[in-house]
Every structure is written in structure tokens, then in C-alpha cells.
Amino acid sequence: MIFDWHYALSLLADKAFWSASWRVVELSIATWMIGIVAGFLLALGKQSRIAPLRVACSAYIWLFRSLPLLVLLIFVYNLPQVFPASSVVLADPFWAGLIALSISEAAYIAEIHRGGLLSIGKGQFEAGRALGLRYLGLQRLVVVPQAFRVALPSLVNEYITIVKLTSLVSVISLAEILLVGERLYTQNFKVLETMLAVSFYYVLIVTVVGYALKLLEQRLDVVRREPAAFSPAEPAASAAETVAAAARVEETGRVALEAAGLRKRYGEHEVLKGVDLKVQAGEVISVIGPSGSGKTSLIRTLNGLEPLDDGEIVLHGKLFQWGANKARRAVSHREHMRGIVDIGMVFQSFNLFPHRSVLDNVTLAPRYHDRGSKAALRGLGMEMLSKVGMGAHAHKYPHQLSGGQQQRVAIARALAMKPSIVLFDEPTSALDPELVAEVLKVIEQLAREGMTMVIVTHEINFAFRISDRIIFLENGTIVADAAPRVMSAFDKDSRVAHFLKDLQLA
Ligand SMILES: Nc1ncnc2c1ncn2[C@@H]1O[C@H](COP(=O)(O)OP(=O)(O)OP(=O)(O)O)[C@@H](O)[C@H]1O
């Protein structure tokens, strides 16, 4: 038997094949999109803290990944035998195929999304929470865009799988590419010629749609993006457009934050053992102490990133945080959130949002909290960036900045919410030594402006130079709390003097 090239080539212009190809494109794209949305919800459900939801989503994923698609297709297509009303939809093989494919693909895609979700670091959630983003806002603005970008290469791959799986829908008589081919070769027995044409159409769809999805993948990949050129004509917006941008400086002398009897334990290890701390408005307090003494734990409990076991925190005279051991819940969620955004937080590892430009990082929270018009917030963002010497980098992405520059952007981001207190958790510990000075200079400037700050730091000279008070923490207890001048004059046998001497020798 001779291979009929002429016939095979004529099939490439066959109307029935082109219309079947279009049906495959429609079916595969619809399945992919439904699978992406449903799969994401399943992935979130599988990670949920609500046990019944977690179990239900896990069971769905387990069941539909185990079930062969062919079985599911036949099952769905024949459902009208038991539920006649469903024939309105399921009598059409396109809809029956779409439903069966989507049910099955959602289970596979859920696992791809879970990989994306797991890749988002804890720091991203903490930065979002410290900026007062609620669950949905955090998902929408921070988690989903990043997780989607991570998952996209696998999702594109899954699309190709879906295109191939559509050939199975021929069993329920959908006139897709394979069925058109089968109908032809059962008439003329030119099986190889027909299958060559069938292959051509599948390869064409995978190539064209696959290429479009690759372009989408590249577009979403900020790491490949060149920084946009900065135009000095664009920036700081007119004074009228600018939301009162300067960091909020409280009337000095009043108590801004008061923590009483703070206790925190991790398992059996009690890391804060009844800490009392009063921060006056305009005061700069540095927290120093040996590694593991509880400095970071203290600062993280102050703005609610870590729950307390006991004790309470009062912010500007209003209860803000309270220990799990206390039954008192006199604070509404709204008031509590107001407290959170009133306390700015700068993290050791910056925790900038990598998928957003520098300016977007700074304006994200004020935009979320509806603090002004787009133009006004842009003006605010530019002003905050200029304040930390980063105005010229507004259009870059975090990965295009040095560590010191990233930390300065993180400071601008915290200031953009106009907090009354800013907490710094070892702001220079993750930096190369030559980058430390630029960050300390910014913090020192804020101290001069009268910003209320609590700074956990290992930069002892810096702490003694800019602070009104130094707190020495050891074993979860405040061992000393004094002005730098007083602390420098402590008895040379005191624990503080030993610690400072050890640091000088190190
Ligand atoms: N999430 C956690 N789970 C369990 N233990 C923790 C956790 N976070 C901190 N710890 C423990 O609590 C203790 C205090 O940690 P913390 O980070 O507050 O100390 P630190 O004084 O800031 O130390 P460093 O100066 O090294 O950063 C340490 O022993 C640490 O191992």
C-alpha cells in the first residue's frame, strides 16, 4: 500500500478538521481557566486551618486524581439516565466533556497551585499583615500574583496535557479532531494519512497557544524586566496632591505605647518572662542583649505579629493586644487593625514585595486603606522615597536594588502609612558591612525628626548615639533600662558592662 501524500496534504485544508480544531481550542482553554480558578480554591482549602474544609478539599484532590478521565467522561455524559433534568446541559457532548475535564483538571492544578503557594515566604505574609492587609487583601495583592507566577510554567505545561486529553472526549461523540479523523478513515481506510493530519492539528494548537502562554509567562516575570528609565519630571507631585507626607510626630511626653507583664513561650521555652515597657511619644528606644535573649520576640509581640500568652499592650491609651490567658476582648477587630497600621514595622530581611515596583511597594498599603487619590498617594510615595534617598529608583523592582537600598525602601513603605511608632527588627543585620551606614543614616534622621521608634539592634555605638533609652534584655527579662549616658557609667562588674565589653573585644 502506498502512502497517499496528496490525500494527506488535502486534509490540511479540510473544513471539518479546522472546525474540530477550533472546538479543541475552546474546550482546552475553558478547561484550563476553570481548572486554574477551581484548583486555586482547592489549594487554599487544602491549606486551610478549618479542618472540615481541609479534609473535603484533600479528599476531592485525592479522588479525582485517582479516577481515569475516560471513566469520568462516560459517567458525566450518562448522568441524565439517573437525573433526567441534567440532560439540558449534559446531552451536549461539549458541555459534558468540559465538566468532566474541569472536574479532573481542578484536582491536578490544585497541586500545582499548592507548590506556588508554598513558595511564598513567611516574610511576605508578615509584611502584609504589618501593613494591615486583611486575609483577602493579602491573597489578592501579595500571595496570588506571586504564587501564580511561580506556578505558571507548570500551568502552561498542564495546558498542553489538556489539549491532548481532549482527544478522549471523542468517546462521548464530540466531533473533535480525533473523531473527525476516525470518521474519515473508517470510510476510506487511509489510516496513516488521516492520523498524520490529526497529528498536524494537535501540534499546531499546542504550538500556537503554547507560544501565547509563554509570552504571558515572560510578561509576568519581573526578574527579566529592565528598570524603566526614571523621569525627573514625573515625581513628587504637587504640594496640593500630596497627602501630608511627613512622618507623624506625636506631641512628646505622652505615653505612646505601654506593655505590661508580656509573656511569650514557644513550647516549653519561655522567651519573654513578664516584660514591662513604656514608650513615650518622640522617644527612641534601642533594645540590646545577647543572641536569643528575646529581643525579636519582644518587638514582634508589640505589633501583633506574635500572639501573647499573657500581659497586655495599650496603644495611645487604648487596649491593643492582650494575652491568650486573658479573657478580655474589649477591642473590636476594626480597632485592632487600626492599631496595627499605627505601628510601622521594618524587618531584618526587608520583606519587600518582589512582584511590585519600588513605588508600588510604598503605596500599596495606603492605597489598600484608601488614604487618598491615586495622584496623591503617588506623591506621598515619591516623597517617602525621596526622604530615604530612593526617589530615583521608584520604578525599579526590589531585585534590582542592593540590600541597603531595599531596606531604605522598606523604611519608606512603613512610613507611608504615617504610623505613630516605628519598630525596627535588626534593620542592618542582613546587610553587608559597607551598606549598614546608609540605613543607619536614615534611621538617625528619623530620630532627629522626633519619630517614636523602638529599635532592636546589634549596632551598639549607633544605639548609644541616637537613643533616649537603652533596654538591655537577657533571658526574656529587662535587666537594665536607662539613658545611654547612665548605662555607659554602669559598674564594670554589672551584666550590661560585661556584655558591652565582650562586644568590643569581639
Ligand atoms: N517561632 C519560633 N519558634 C520556636 N522558638 C522560637 C521562635 N522564635 C524564636 N524562638 C526562640 O526564642 C528565643 C528568643 O529568640 P529571639 O529571636 O527573640 O531572640 P533575639 O534576642 O532576637 O536573638 P538574635 O539577637 O540572635 O536575633 C530563641 O531561643 C529562639 O530560638
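Because only heavy atoms are used, hydrogens play no part in the values below, and waters and symmetry mates are left out as well, while side chains stay in. When a ligand or atom number is given, it counts from 1 through the structure's own listing order.
At the shortest separation from atom 13 (C) of ligand 1 among protein heavy atoms lies Val271 CG1, 3.3 Å. Atom 21 (O) of ligand 1 has Lys295 NZ, 2.9 Å as its closest protein atom, hydrogens excluded (heavy atom only). Annotation: atom 23 (O) of ligand 1 to nearest protein heavy atom, Gly292 N, 2.9 Å. The closest protein non-hydrogen atom to atom 1 (N) of ligand 1 is Tyr266 CE2, 3.6 Å. Among all protein heavy atoms, the one lying closest to atom 26 (O) of ligand 1 is Ser291 OG, 2.5 Å. Protein heavy atom closest to atom 17 (O) of ligand 1, with residue, atom name and distance, is Thr296 CB, 3.5 Å.
A salt bridge between Glu335 and Arg338 is absent, with no side-chain N of the basic residue lying under 4.0 Å from a carboxylate O of the acidic one. In summary, Lys214 and Glu217 engage in a salt bridge, as defined by a charged side-chain N under 4.0 Å from a carboxylate O.
The closest approach between a heavy atom of Gly289 and any atom of ligand 1 is not below 4.0 Å. At least one heavy atom of Pro290 sits less than 4.0 Å from an atom of ligand 1. Ligand 1 has Glu426 within reach: a non-hydrogen atom of the residue lies less than 4.0 Å from it. Ligand 1 does not have Gln348 within reach: every non-hydrogen atom of the residue lies 4.0 Å or more from it. Ligand 1 has no atom lying under 4.0 Å from any heavy atom of Arg300.
Under the side chain to side chain contact (heavy atoms under 4.5 Å, CB included) test applied with Val422, the options Met417, Met451, Met345 reduce to a single match, Met451.
Each of the following atoms of ligand 1 lies closer than 4.0 Å to a heavy atom of His269: 13 (C), 29 (O). Residue Ser297 has at least one heavy-atom neighbour below 4.0 Å for each of these atoms of ligand 1: 14 (C), 15 (O), 16 (P), 18 (O). Residue His458 has at least one heavy-atom neighbour below 4.0 Å for each of these atoms of ligand 1: 25 (O). Of all atoms in ligand 1, listed by their number and element, those nearer than 4.0 Å to a heavy atom of Gly294 are 14 (C), 18 (O), 19 (O), 20 (P), 21 (O).
Distance CZ/Phe320 to CG/Leu302: 8.5 Å, rounded to 0.5 Å. Between the CG atom in Leu257 and the CG atom in Leu277 there is a gap of 6.5 Å [rounded to 0.5 Å]. With rounding to the nearest 0.5 angstrom, the CG atom of Leu380 is 12.0 Å from the CZ atom of Arg378.
When atom types are taken as modelled, the side chain of Asn351 and the backbone of Gln124 share no donor-acceptor pair closer than 3.5 angstrom.
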For this session: Show your reasoning for whether side-chain hydrogen bond (donor to acceptor under 3.5 Å, both in side chains) applies to Gln146 and Arg149.
Result: CA-CA 5 Å; Gln146 291 188 65; Arg149 193 169 52 78; 5.1 Å; no

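In this structure, atom 31 (O) of ligand 1 has no protein heavy-atom contact shorter than 4.0 Å.
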